[in-house]
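From a predicted model like this one, the values you see are computed outputs, not experimental measurements.
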Amino acid sequence: MEAALRFGTVGNPLSTPPRPGGTIGGIQRIRELGLGALELAWVRSVRVSEETCRQIRETAEAFGIPLSVHAPYFINLNAKDRAGYHASRERLMAAARAGYLAGARDIVFHPGAYQGARPERAYETVRRRLQEIVEELREEGVEVTLRPETMGKSALFGTLDEVIQLAREVPGVLPCIDFAHLHARAGDGSFNTYEEFTEALRRVAVGLGPRGLQSLHVHVSGIAYTRKGERHHLNLREADLRYEELLRALIDIGARGRVLCESPNLEEDALLLQETYRRLLKPEG
């Protein structure tokens, strides 16, 4: 069976040499490791020149490594005050503009927090604002897919159903499904079986049709959590996430796209995921 998923890291591999270093070196190291994708971790700010973006794009094209961008963490499309929303909007748009110049076509972001609002009211605010951002980017010719991420705490906007519905209602939006976050969100160890993973993927298929499963963008890592949800990421072998069952569910449902690792050991777990996936693909006997 032909491999339908590309594996990579969120951020440069830890083993990226100091020279050439940076994203250029990270792309080269991804290729050397035998991985197939890289997500640029612009999670603090977006400070990159047009010339650097051009170099990133040309290097990625030369090595055949598709890129995505993780926008800054400090984005809240449900911000109550106008200044807070404006700052969030500018961070997301800066990531989209620079990412597009760098050759990335998928922009991952944390959509925000409920801040005491009812989930359905928060959803309407996030949807309306996201629609405005997409329309402005399109007017500028920035043709990217914005990907709101599923989040790991119940206080944060970003259930699986919320990001699927955003993708249904706002053209140019698709989910980023973080399976570790979904596992941690309830805080009770649930969402950690083949059946639960498969059911979630079926919801994506029902909600978004064929495009939902044919262009998946997935985050995976080990994760520590409490009753309130996510605490921090862990290496896969130090955590309880049943990643082999997750990979089997992705194979069985015919998923295509990218799986990006956020474990602390980055490329070590990305390679573990890729090797496990390839083993599962091989016919038995």
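Residues passing the side-chain hydrogen bond (donor to acceptor under 3.5 Å, both in side chains) test with E245: none are found, sequence neighbours excluded. When the ring pair (Phe, Tyr, Trp, His ring centres under 6.0 Å) test is applied to F109, no partner is found at least two apart in sequence or on another chain.
Contact check on R278 versus E275 returns no salt bridge, with no Lys/Arg side-chain nitrogen under 4.0 Å from an Asp/Glu carboxylate oxygen. Residues R203 and D161 are paired through a salt bridge, judged by an N-O separation under 4.0 Å between the basic side chain and the carboxylate. A salt bridge is defined here as a Lys NZ or Arg NE, NH1 or NH2 lying under 4.0 Å from an Asp or Glu carboxylate O, and R127 with E169 meets this definition. A salt bridge is absent between R248 and E244; no separation between the charged side-chain nitrogens and carboxylate oxygens falls under 4.0 Å. Salt bridge R105/E143: absent, no basic N to carboxylate O contact under 4.0 Å.
For F197 and F191, the gap between ring centers is short of 6.0 Å.
In this structure, R129 is positioned above the aromatic face of Y85, its NZ or CZ under 6.0 Å from the six-membered ring centre and within 45° of the axis.
Using modelled atom types, one finds no donor on one side chain facing an acceptor on the other under 3.5 Å when comparing E39 with H70. Using modelled atom types and a 3.5 Å distance limit, the side chains of N76 and H110 yield no donor-acceptor pair. Using a 3.5 Å distance cut-off with no hydrogens or angles, the side chains of N192 and Y243 do not pair a donor with an acceptor. A side-chain donor-acceptor contact under 3.5 Å links E51 and Q55.
Aromatic ring pairs are classed by plane angle as parallel below 30°, tilted from 30° to 60° and perpendicular above 60°; the pair H181 and H233 is tilted. By the 30° and 60° cut-offs, the orientation of the rings of Y123 relative to F157 is parallel.
Taking both residues in full, the closest heavy atoms of C261 and L266 are given as O-CD2, 3.4 Å, listed atom of the first, atom of the second, then distance. For the pair D269 and L236, the tightest heavy-atom approach, listed with the atom from each and the gap, is OD2-N, 2.7 Å. Minimum interatomic distance between V163 and P148 (heavy atoms only, all atoms of both residues): CG1-O, 3.7 Å.
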>> Show, in sequence, the C-alpha distance, side-chain angles and deciding distance for M93 and E136, and conclude whether the side-chain contact (heavy atoms from CB on, under 4.5 Å) test is met.
In response: CA-CA 9 Å; M93 293 191 72; E136 184 162 345; 3.6 Å; yes
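Not one N or O on the side chain of E268 forms a donor-acceptor pair closer than 3.5 Å with the backbone of N265. Here the side chain of R258 pairs no donor or acceptor atom with the backbone of L5 at under 3.5 angstrom. In terms of modelled atom types and a separation under 3.5 Å, the side chain of Y277 and the main chain of A4 share a donor-acceptor contact. Although no hydrogens or angles enter the test, the distance criterion places no donor-acceptor pair under 3.5 Å between the side chain of E124 and the main chain of P119. A donor-acceptor pair is defined here as one N or O able to donate and one able to accept, closer than 3.5 Å; such a pair exists between the side chain of R31 and the backbone of F63. Side-chain atoms of N78 come within 3.5 Å of backbone N or O of A113 as a donor-acceptor pair.
Of the residues listed (E230, M151, K153, K228), the one engaging R185 in a side-chain contact (heavy atoms from CB on, under 4.5 Å) is M151, and it is the only one.
Taking a 6.0 Å sphere around CZ of R211, one finds it holds more than 12 heavy atoms contributed by other residues, nucleotides or ligands.
Here the CZ-SG distance, from R147 to C176, works out to 7.5 Å after rounding to the nearest 0.5 Å.
Residues L146 and Y73 do not share a hydrophobic cluster, clusters being chains of Ile/Leu/Val/Met/Phe/Trp/Tyr side chains in contact below 4.5 Å.
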Side-chain donor/acceptor pairs under 3.5 Å, residues 41-50, sequence neighbours excluded:
{"unit_1": "S49", "atom_1": "OG", "unit_2": "T52", "atom_2": "N", "d": "3.0"}
{"unit_1": "S49", "atom_1": "OG", "unit_2": "T52", "atom_2": "OG1", "d": "3.0"}

